[in-house]
Amino acid sequence: MLEQIQVSNFAALGQDIDQCKVDALKEQAVNAVEKLEKGTGEGNDFLGWLHLPSSITEAELSDIEATAKSLRESCEFVVAIGIGGSYLGAKAVIEALSDSFDAYKPGNCKVLFAGNNIGEDYLADLMDLLKGHKFGIIVISKSGTTTEPAIAFRLLKDMLEQQEGKEVASKRIVAITDAKKGALRSLATQEGYKTYVIPDNVGGRFSVLTPVGLLPIAVAGYDVKALVAGAVEIENGDDENVFTYAQTRNALYQAGKKIEILVNFCPRLHYLAEWWKQLYGESEGKDHLGIFPASVDFTTDLHSMGQWIQDGERTIFETVLSVGDMSHSVIIPNDDANLDGLNFLAGKHVDEVNKMAELGTRLAHVDGGVPNLLITIPALTERYLGQLIYFFEKACGVSGYILGVNPFNQPGVEAYKKNMFALLNKPGYEAESKAIQAKLSK
Ligand code: PA5
């Protein structure tokens, strides 16, 4: 088995990647790494993620594990409340490691998510599920003021206090937020919650290896020490995979491939792609630049998006996340009658069929003019997911600097909030409210 994730742009497939253009970006990629290391690039006040894995102490990880254990022992459900970077990393790792039908099987404490939407029915369904059950809350917000998690927390905190009384509730709530600032910090201090800090210099989308991601992952029963150890391996390794990925995707972008589709052939990776979309979308999509990050789940989406990818506008490229070994073994049985004509597959692992679908699809898409990168993950384990997370984070910083943007800010996400607050008549938004009313009445 491979010991590490690997990235390849497979020039050997005969595809339309101009290797000279990829190689020409090497100097910029090396400069980008230097800017990250020396902190001389834009956004250098948000580089706390760069040496985060190797700086997390054994004591910090043990403390997270102890909190997780206490929540697991006292709760049937733990609701992780957060949105964007305060949600997607934990969701991605938990889904990648979990039994796909975990929710329907009896067993240990289940981790649920809320505060990542403003769905009234979603919240009503969740509260209906939690009614009469022992539950806990991990509320996560770096700013401590984000509307979606704040609404969910207000509702669930109230419900927990009604069900268990204030004292028990305060022991089942953990807050992860800024060290000093924000409404959530003040509330946590006042109510006496256990808290963890999101470091100032780690942006939300780079925070999965802080308590933001690690606590919910540990509550779900996964080994956060192995996850962090995997990340450390890439942090301390060479940058060849980072260079291959960052240079190739920028060379393709310069050649008119404006959309990158992250492809998986493993349903457990759906949310890994959602996490990746936030990481790359928020980091690179600015100044009217940036690859649009999209994703598909194959083979499922070959039956919906396959036609477009094979034959639509040629502005796309694909990055395939390929998983080496499956966690389980399922063999296709022989059937004497063979009425379905499937006996040619009898005795094969289901994954053997999946792998041929993967290779066949990659060849077909390359033939159709869709350049193809491949990221191989030896297996879906904590260690390899840790490697993958850190690899994507570092490649994102390098890629953003090659593109020429500040990969560590996100000024564009404020625009909808301003309108929403004005429309809801939040105090302080009177002028915006008037301007919107004038626009709407035209
Ligand atoms: O990456 C980011 O900065 C954002 O996606 C934030 O994580 C998201 O908006 C949630 O913010 P907060 O943690 O402040 O509630």
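By convention here, the first residue in the shown sequence is residue 1. All ligand and atom numbering here is 1-based and tracks the order in the structure.
Partners of Tyr193 according to the ring pair (Phe, Tyr, Trp, His ring centres under 6.0 Å) rule, which considers only residues two or more places apart in sequence or in another chain, do not exist here. By the ring pair (Phe, Tyr, Trp, His ring centres under 6.0 Å) test, Tyr222 pairs with no residue at all, sequence neighbours left out. With sequence neighbours excluded, the residues that form a ring pair (Phe, Tyr, Trp, His ring centres under 6.0 Å) with Phe421 are Tyr429.
Both cation-pi conditions hold for Lys35 and Tyr401: the charged atom is under 6.0 angstrom from the six-membered ring centre and inside a 45 degree cone around its axis.
Between the side chains of His51 and Glu235, at least one donor N or O lies within less than 3.5 Å of an accepting N or O. Checked by atom type, the side-chain pair Thr210/Tyr196 shows no donor-acceptor distance below 3.5 Å.
Using a 4.0 Å heavy-atom criterion, the residues that approach ligand 1 are Ile83, Gly84, Gly85, Ser86, Ser141, Lys142, Ser143, Thr146, Gly204, Arg205, Gln278, Glu282, Gln410.
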